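One structure is given below, encoded as structure tokens.
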Amino acid sequence: MKLFKNQKIGYWFASAVLLCFAIVLGFAKFNKFKLDSLNDSIQNSGSQINSQTVNEIKNEDMTVHFLNVGKADCCYIKCKDKNILIDAADKEPTDVVTEYLERQKVNKLDLVVVSHPHRDHIGQMSKVIEKFQIDKFIAAKVPNDIVPTSATYERMLKTLAGKNMKIQYVGSGDKFEIGDLKIEILGPVQEHNNLNSNSVVMRIKYGDISFMFTGDAEINEEKDIIKSNADLQSTVLKVGHHGSKTSSSYNFLRKIKPEYAVISVGPDKSNLPKEIILKRLGRFCNNIYRTDEKGTIIFKTDGKSIKVETEK
């Protein structure tokens, strides 16, 4: 009888211990669940905040349009009531530049930039000069021994003369403002023996956001710019020479550290952009846009945040 009683007491004691253990274990799991849920909530909240910060723009004061013009360059910038055009595509497709500007209701261009006088950058510039009032027209001085003799270049000069306009030549160190935009000329630093390496390289800043335009600047000009400038960091990079191997050196990209990169290129047989350039860009930039894949690419900013819209 006593043995039975001891067995009964032992049974209840063991049950009580197991029950306590289960309660403690359950409480621990519940607390872990609450902690995990809290962490998830914080992380999700952070993601939403970041997303809103990136995409929420109070006022679209500045828009930068990289036109889909094939393996050529053309960029239209609007900041409040100021209008800027950088390059003017190739000769084909005809009138694409002037028609685009008209759709944007442009009447006057406060600044026109010729990065360098190759046809795929000035192909429709004479029509732009004819069509619009232009306040300031800038380019880099071309060394005498490589002055172009192309009909496209001669037509541009003739059209400028017909409107009594002069080219204002710029180089490294020049700075000026167009409205609220701060414009800094980074290159050319010195003369080179080819037109690409005499490209106007410029950075345009609006608030905390900056855009780097490189024309077709090749590696020798990039080296000049690196030596002459301590700070090249830019939010958006217009990739040099359509993604060719002659441009976008590792050191140049490392200095710029762009958040976004744009390559103006078309579906032709030039096999651009080069894979090595895409890989190199990918080391510094997670957002690479190509006009052959996305069509016209438009950046919108209020000077603090930025968002991207694409045609396709």
Side-chain angles (χ1 to χ4, degrees), residues 71-75 85-90 111-123 125 136-157 160 166-176 183-204 211-234 237-256 258 261-265 270-274 276-277 280-281:
K71 193 186 79 63
D73 268 10
C74 183
C75 181
L85 183 72
I86 303 174
D87 289 334
D90 208 331
L111 175 66
V112 171
V113 182
V114 170
S115 68
H116 66 294
H118 275 151
R119 198 186 80 174
D120 59 334
H121 291 253
I122 61 166
M125 190 61 80
K136 188 180 182 78
F137 193 100
I138 68 172
K141 184 74 175 175
V142 179
N144 291 332
D145 56 343
I146 58 169
V147 171
T149 58
S150 67
T152 305
Y153 181 64
E154 295 293 339
R155 191 180 306 113
M156 182 188 79
L157 295 180
L160 282 169
K166 292 184 178 180
I167 299 174
Q168 297 181 41
Y169 294 107
V170 297
S172 176
D174 291 336
K175 297 180 181 180
F176 54 93
I183 301 174
E184 179 182 10
I185 307 299
L186 302 169
V189 176
Q190 61 180 322
E191 290 185 354
H192 289 280
N193 61 1
N194 70 78
L195 290 176
N196 286 341
S197 286
N198 286 281
S199 288
V200 173
V201 176
M202 61 194 297
R203 180 169 56 183
I204 299 179
F211 292 79
M212 177 79 77
F213 298 91
T214 57
D216 282 355
E218 297 187 354
I219 292 173
N220 49 0
E221 185 177 357
E222 292 177 356
K223 288 179 179 178
D224 292 342
I225 292 170
I226 291 170
K227 289 178 182 178
S228 302
N229 296 273
D231 176 27
L232 296 176
Q233 196 282 321
S234 303
L237 167 67
K238 198 291 294 182
V239 176
H241 207 182
H242 319 286
S244 170
K245 290 190 294 185
T246 59
S247 307
S248 302
S249 62
Y250 176 87
N251 286 334
F252 193 56
L253 297 178
R254 183 172 61 87
K255 281 285 207 175
I256 298 170
V262 176
I263 306 174
S264 186
V265 68
S270 60
N271 192 29
L272 293 173
K274 296 297 184 183
I276 188 173
I277 299 301
R280 193 177 297 160
L281 268 172

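Here the structure is a predicted model, which means the values were calculated and not measured. Reckoned from all heavy atoms, side chains included, excluding hydrogens, waters and symmetry mates.
Within 6.0 Å of NZ on Lys223 lie no more than 12 heavy atoms contributed by other residues, nucleotides or ligands. Counting non-hydrogen atoms of other residues, nucleotides and ligands closer than 6.0 Å to CD1 of Ile276 gives a total of 12 or fewer. For Asn144, the CG atom is loosely surrounded, since the number of other residues' heavy atoms within 6.0 Å does not exceed 12.
Atom NZ of residue Lys141 and atom CD of residue Glu191 lie 9.0 Å apart, to the nearest 0.5 angstrom. Atom CD1 of residue Ile138 and atom CD1 of residue Ile86 lie 8.0 Å apart, to the nearest 0.5 angstrom. Note that OG of Ser199 and CD1 of Ile225 are 9.0 Å apart. Values are rounded to the nearest 0.5 Å. Atom-to-atom distance recorded for Arg280:CZ and Lys274:NZ is 13.0 Å, nearest 0.5 angstrom. The line from CG of Asp73 to CZ of Phe213 is 10.0 Å long, rounded to the nearest 0.5 Å. The distance from atom CZ of Arg203 to atom NZ of Lys175, rounded to the nearest 0.5 Å, is 8.5 Å.
Nearest heavy atom pair, residue Gly240 against residue Ser248, reads N-OG, 4.0 Å. In this structure, Leu195 and Pro148 approach most closely via the heavy-atom pair CD1-CG, 3.9 Å. Counting all heavy atoms, side chain and backbone alike, Ala261 lies closest to Leu281 at CB-CD2, 4.1 Å. The two residues Leu253 and Pro258 make their nearest non-hydrogen contact at O-CD, 4.0 Å.
Formation of a donor-acceptor pair under 3.5 Å by the Lys238 side chain with backbone atoms of Gly215 is found in this model. Thr152 places no side-chain N or O within donor-acceptor distance of the main-chain N or O of Gly123, the cut-off being under 3.5 Å. Side chain of Ser234 to main chain of Leu232: a donor-acceptor pair is present (N/O by atom type, distance under 3.5 Å, no hydrogens or angles).
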For this session: For side-chain contact (heavy atoms from CB on, under 4.5 Å), just list the numbers for Cys74 and Leu85, CA-CA rounded to whole Å, side-chain angles, deciding distance to a tenth of an Å, and then say yes or no.
Result: CA-CA 7 Å; Cys74 183; Leu85 183 72; 3.8 Å; yes
For this session: Run the numbers on Val189 and Lys227 for side-chain contact (heavy atoms from CB on, under 4.5 Å), then give the verdict.
Result: CA-CA 10 Å; Val189 176; Lys227 289 178 182 178; over 6 Å; no
Problem set entry | Evaluation steps, side-chain contact (heavy atoms from CB on, under 4.5 Å), between His192 and Ile146 | CA-CA 9 Å; His192 289 280; Ile146 58 169; over 6 Å; no
For this session: Check the pair Phe137, Val114 against side-chain contact (heavy atoms from CB on, under 4.5 Å), reporting the backbone distance first and the verdict last.
Result: CA-CA 8 Å; Phe137 193 100; Val114 170; 3.6 Å; yes
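Results of the side-chain contact (heavy atoms from CB on, under 4.5 Å) test with Val200 over Thr214, Val113, Asp174, Asp87 single out Val113 as the only residue that passes.
A 4.5 Å side-chain heavy-atom check between Phe252 and Ile219 finds every atom pair outside the cut-off. By the 4.5 Å heavy-atom criterion applied to side chains, Pro273 and Val239 are not counted as neighbours. Between Ile277 and Leu272, every side-chain heavy-atom pair lies at or beyond the 4.5 Å cut-off. For the pair Lys255 and Asn229, the minimum side-chain heavy-atom distance is 4.5 Å or more.
Take Asn198 and apply the side chain to side chain donor-acceptor pair (under 3.5 Å) test, not counting sequence neighbours, and it matches no residue. Residues forming a salt bridge (charged side-chain N to carboxylate O under 4.0 Å, His left out) with Asp120 (at least two apart in sequence, or on another chain): Lys71.
Residues Glu222 and Asn251 have side chains that never bring a donor and an acceptor to within less than 3.5 angstrom of each other. With 3.5 Å as the limit, one finds no donor-acceptor pair spanning the side chains of Asp216 and His118. Checked by atom type, the side-chain pair Ser244/Thr246 shows a donor-acceptor distance below 3.5 Å.
Less than 6.0 angstrom separates the ring centroid of His242 from the ring centroid of His121.
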